[in-house]
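Take a look at the structure below.
Since the structure is predicted, the reported quantities are computational estimates derived from the model, not experimental observations.
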Amino acid sequence: MTDIQELLLSRIRDVADYPEQGVMFKDITPLLADPAAFTALTDALADVAGATGATKIVGLEARGFILGAPVAVRAGLGFVPVRKAGKLPGATLRQAYDLEYGSAEIEVHAEDLTTADRILIVDDVLATGGTAQAAIQLIQRAGAEIAGVAVLMELGFLGGRARLEQALDGAPLEALLQL
């Protein structure tokens, strides 16, 4: 394990039985509260953005906003939020996706992505991959190219990586921590 991985992991708190019985929630708020850890995380994700040739960062609601915005600033790129449906004013593109129990929709402002853009999707956790897969579809519908997906941590036992492989079409999936 690298020094940065040890630092990041040491600042992630396990919360048992949250949000429901049997779930071990990975709380990143201690990491965000530690300037050295948050800076290291931002720098590492900005390095991924540079390596992928991204032109914009897309952050997934809500913790992807917290991570993606400073990454965009550090990398000198624009930031585009992908929100839950009904949260953005004006013309949007919307994408539905299935959840474990039901479905949801996300959307983006139609004018924020162009055919000249290479998008790096940033989020805190890759779990089942449903939201990230929907974001990939949404970005592609807007005509932009997927540069990759970058997350703080991947919960490998939930199979998100396998779900995203085809949608990524060879673009990288970078997880700083694999749990």
Side-chain angles (χ1 to χ4, degrees), residues 4-5 8 11-12 26 28-29 31-32 34-85 87-95 97 104-127 129-155 160-161 163-165 167-178:
I4 187 171
Q5 289 173 318
L8 297 175
R11 301 306 188 273
I12 296 170
K26 300 295 186 182
I28 68 167
T29 58
L31 187 156
L32 300 173
D34 180 327
F38 194 16
T39 298
L41 172 60
T42 300
D43 289 346
L45 292 174
D47 288 346
V48 173
T52 64
T55 61
K56 289 182 182 166
I57 302 294
V58 158
L60 304 181
E61 188 164 331
R63 290 180 297 269
F65 297 173
I66 296 168
L67 302 185
V71 168
V73 170
R74 182 66 48 100
L77 305 174
F79 176 78
V80 178
V82 167
R83 307 260 351 236
K84 294 175 183 172
K87 300 288 186 177
L88 292 172
T92 61
L93 294 174
R94 185 176 287 195
Q95 182 68 46
Y97 63 102
E105 292 181 315
I106 55 174
E107 59 188 14
V108 67
H109 276 134
E111 72 273 8
D112 289 346
L113 301 173
T114 71
T115 57
D117 286 323
R118 287 183 45 81
I119 305 300
L120 179 66
I121 298 169
V122 172
D123 206 1
D124 65 329
V125 176
L126 175 63
T131 307
Q133 183 179 37
I136 290 168
Q137 293 167 337
L138 189 62
I139 291 161
Q140 290 171 331
R141 283 183 42 225
E145 182 181 348
I146 302 297
V149 173
V151 296
L152 165 58
M153 63 186 128
E154 176 182 356
L155 305 179
R161 182 175 293 268
R163 182 175 188 171
L164 294 182
E165 282 179 347
L168 284 169
D169 193 29
L173 169 53
E174 297 289 336
L176 300 180
L177 299 172
Q178 295 185 340

Using side-chain heavy atoms (C-beta onward) and a distance below 4.5 Å, is [X] in contact with [Y]?
| X | Y | answer |
| --- | --- | --- |
| H109 | P89 | yes |
| L45 | L176 | yes |
| V58 | V108 | no |
| L168 | E165 | no |
| I12 | L177 | yes |

Rounded to the nearest 0.5 Å, what separation is found between the [atom1] atom of [X] and the [atom2] atom of [Y]?
| X | Y | atom1 | atom2 | answer |
| --- | --- | --- | --- | --- |
| I139 | E145 | CD1 | CD | 11.5 Å |
| L113 | R118 | CG | CZ | 14.0 Å |
| Q133 | L164 | CD | CG | 6.5 Å |
| D117 | I57 | CG | CD1 | 11.0 Å |
| L93 | L88 | CG | CG | 10.5 Å |
| T42 | D47 | OG1 | CG | 11.0 Å |

Looking at every heavy atom in both [X] and [Y], which two are closest together, and how far apart are they?
| X | Y | value |
| --- | --- | --- |
| A44 | I4 | CB-CD1, 3.7 Å |
| A135 | I106 | N-CD1, 3.6 Å |
| I119 | A144 | CG1-CB, 3.9 Å |
| Q95 | A134 | CG-O, 3.4 Å |
| F65 | R83 | CZ-CD, 3.4 Å |
| V80 | K56 | CG2-CD, 4.0 Å |

(message) Using the salt bridge (charged side-chain N to carboxylate O under 4.0 Å, His left out) definition, which of the options R163, R161, K26 pairs with E154?
(response)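 Going through R163, R161, K26 one by one, the salt bridge (charged side-chain N to carboxylate O under 4.0 Å, His left out) with E154 is satisfied by R161 alone.
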(message) Closer than 3.5 angstrom, by distance alone: can the side chain of T92 be matched with the main-chain N or O of R94 as a donor-acceptor pair?
(response)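 Not a single qualifying donor-acceptor pair exists.
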(request) Taking E61 for its side chain and K84 for its backbone only, find out whether a donor-acceptor pair lies under 3.5 Å. (result)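 Yes.
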Name the atoms and distances for all side-chain donor-acceptor pairs under 3.5 Å in residues 66-75, with sequence neighbours left out.
{"residue": "R74", "atom": "NH1", "partner": "D43", "partner atom": "OD1", "Å": "2.0"}

(request) Applying side chain to side chain contact (heavy atoms under 4.5 Å, CB included) between I121 and each of V82, V149, L126, report the one that passes. (result)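 Testing each of V82, V149, L126 against I121, the sole residue satisfying side chain to side chain contact (heavy atoms under 4.5 Å, CB included) is V149.
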(request) Run through L120, I146, T52, V48 and flag the one making a side chain to side chain contact (heavy atoms under 4.5 Å, CB included) with P172. (result)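 Going through L120, I146, T52, V48 one by one, the side chain to side chain contact (heavy atoms under 4.5 Å, CB included) with P172 is satisfied by T52 alone.
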